[in-house]
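Below: one structure, written as structure tokens.
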Amino acid sequence: MSSLDDLYRRVIMDHYQAPRNMGDLEDADATIQLKNPTCGDQITLQMKVEDGRIVDAKFRGEGCSISMSSASMMTDAVKGLNVEDALDLADRFSKMMLGEDVATEDFDDIEALQGVCKFPARIKCATLAWKAMEKGIKEHHCEHCGGEHDTDQHHE
């Protein structure tokens, strides 16, 4: 195993054993619950969005080290971002999970998950929290633009 692989494993385990932003958000604008039926991973993501910016994000969940560390990394990464940048980050993360070459200079700890693409069965674990964030942004936007949304199209 290379030293880079070892470093990535340590980063993933650090986020799994000491997750960032785990808990409840009292004044959440969006609460999203998603479950990966394949493995049973589940997450409840709460976000506070003000003026098009994610000002806070917290999660609760149960699942493997990949899904829970990814949720920890995602909540850390999106806090403070405007929703467009958060959606762009999610898009690039999804592409990285598919093995595509993407710009990762602003990924910080998220880059540690790039090896997951070698294990197709684990990709849904890594992307669960990201899908919840995308769904939350879309639902929050629909509520504030006065439009209706079809929640079925957002489910994984």
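As the structure is a computational prediction, the values presented were derived from the model and not from experiment.
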Acceptor/donor pairs from residues 110-121 side chains to any protein atom, 3.5 angstrom cut, sequence neighbours excluded:
residue : atom : partner : partner atom : Å
Q114    : NE2  : Y8      : OH           : 3.1

*Neighbour count >12 (heavy atoms, 6.0 Å) for atom CG, D101*: no
*Could you walk me through whether M68 and F59 pass side-chain contact (heavy atoms from CB on, under 4.5 Å), step by step?*
CA-CA 9 Å; M68 294 297 101; F59 76 98; 4.2 Å; yes
*Between atom OG1 of T127 and atom CE of M96, what is the distance when rounded to the nearest 0.5 Å?*
11.0 Å
_Restricting to non-hydrogen atoms, name the atom on I66 and the atom on C125 that form the minimum distance, rounded to 0.1 Å._
CG2-CB, 4.0 Å
*For H15 and S69, test the side chains for any donor-to-acceptor distance below 3.5 angstrom and give the result as yes or no.*
no
*Of all heavy-atom pairs between A57 and K79, which one has the smallest distance, and what is that distance?*
N-CD, 3.6 Å
*For F93, which residues count as a ring pair (Phe, Tyr, Trp, His ring centres under 6.0 Å) partner, sequence neighbours excluded?*
W130
*Heavy-atom side-chain proximity of R92 to F107 below 4.5 angstrom*: yes
*May I ask you to test the L34-K131 pair for a side-chain heavy-atom distance under 4.5 Å?*
yes
*Between CG of L128 and SG of C39, what distance do you get to the nearest 0.5 Å?*
7.5 Å
_D88 side, atom CG; D106 side, atom CG - distance, nearest 0.5 Å_ = 8.0 Å
*Write down the atom of A77, the atom of L89, and the distance for their closest heavy-atom approach.*
CB-CD2, 3.8 Å
_For S65, the option from R9, Q17, M13 that meets side-chain contact (heavy atoms from CB on, under 4.5 Å)_ = M13
_Quick check on E26: does its CD atom have over 12 non-hydrogen neighbours (other residues, nucleotides or ligands) under 6.0 Å away?_
no
*What's the shortest heavy-atom distance between A86 and I137, and which atoms?*
CB-CD1, 4.0 Å
*Rounded to the nearest 0.5 Å, how far does OG1 of T75 lie from CD of Q46?*
12.0 Å
*Scan for side chain to side chain donor-acceptor pair (under 3.5 Å) pairs involving residues 50-64, sequence neighbours excluded, and state none if there are none.*
D24-R60
*Do NZ/NE/NH1/NH2 and the carboxylate oxygens of D14 and R10 come within less than 4.0 Å?*
no
*Would a distance-only check, ignoring hydrogens and angles, find a side-chain to backbone donor-acceptor pair under 3.5 Å from S67 to D41?*
no
_Just so I know, are the side chains of M73 and V11 near enough to count as touching, which here means a heavy-atom distance under 4.5 Å?_
yes
*asked:* Within the 4.5 Å heavy-atom criterion, are Q42 and Q33 side-chain neighbours or not?
replied: no
*Does the side chain of K48 reach to within under 4.5 Å of the side chain of D27, using non-hydrogen atoms?*
yes
*When rounded to the nearest 0.5 angstrom, what distance separates OH in Y16 from OG in S70?*
14.0 Å
*asked:* Minimum heavy-atom separation for S72 and N21, please, with both atom names.
replied: O-ND2, 4.2 Å
*Side-chain contact, heavy-atom cut-off 4.5 Å: T31 with T44?*
yes
*Do V83 and I54 touch side chain to side chain, with heavy atoms closer than 4.5 Å?*
yes
*Just how far is it from atom CD1 of I12 to atom SG of C64, taken to the nearest 0.5 Å?*
10.0 Å
*Using the rule that two of Ile, Leu, Val, Met, Phe, Trp, Tyr join whenever any of their side-chain heavy atoms come within less than 4.5 Å, decide whether L25 and M22 are in one cluster.*
no
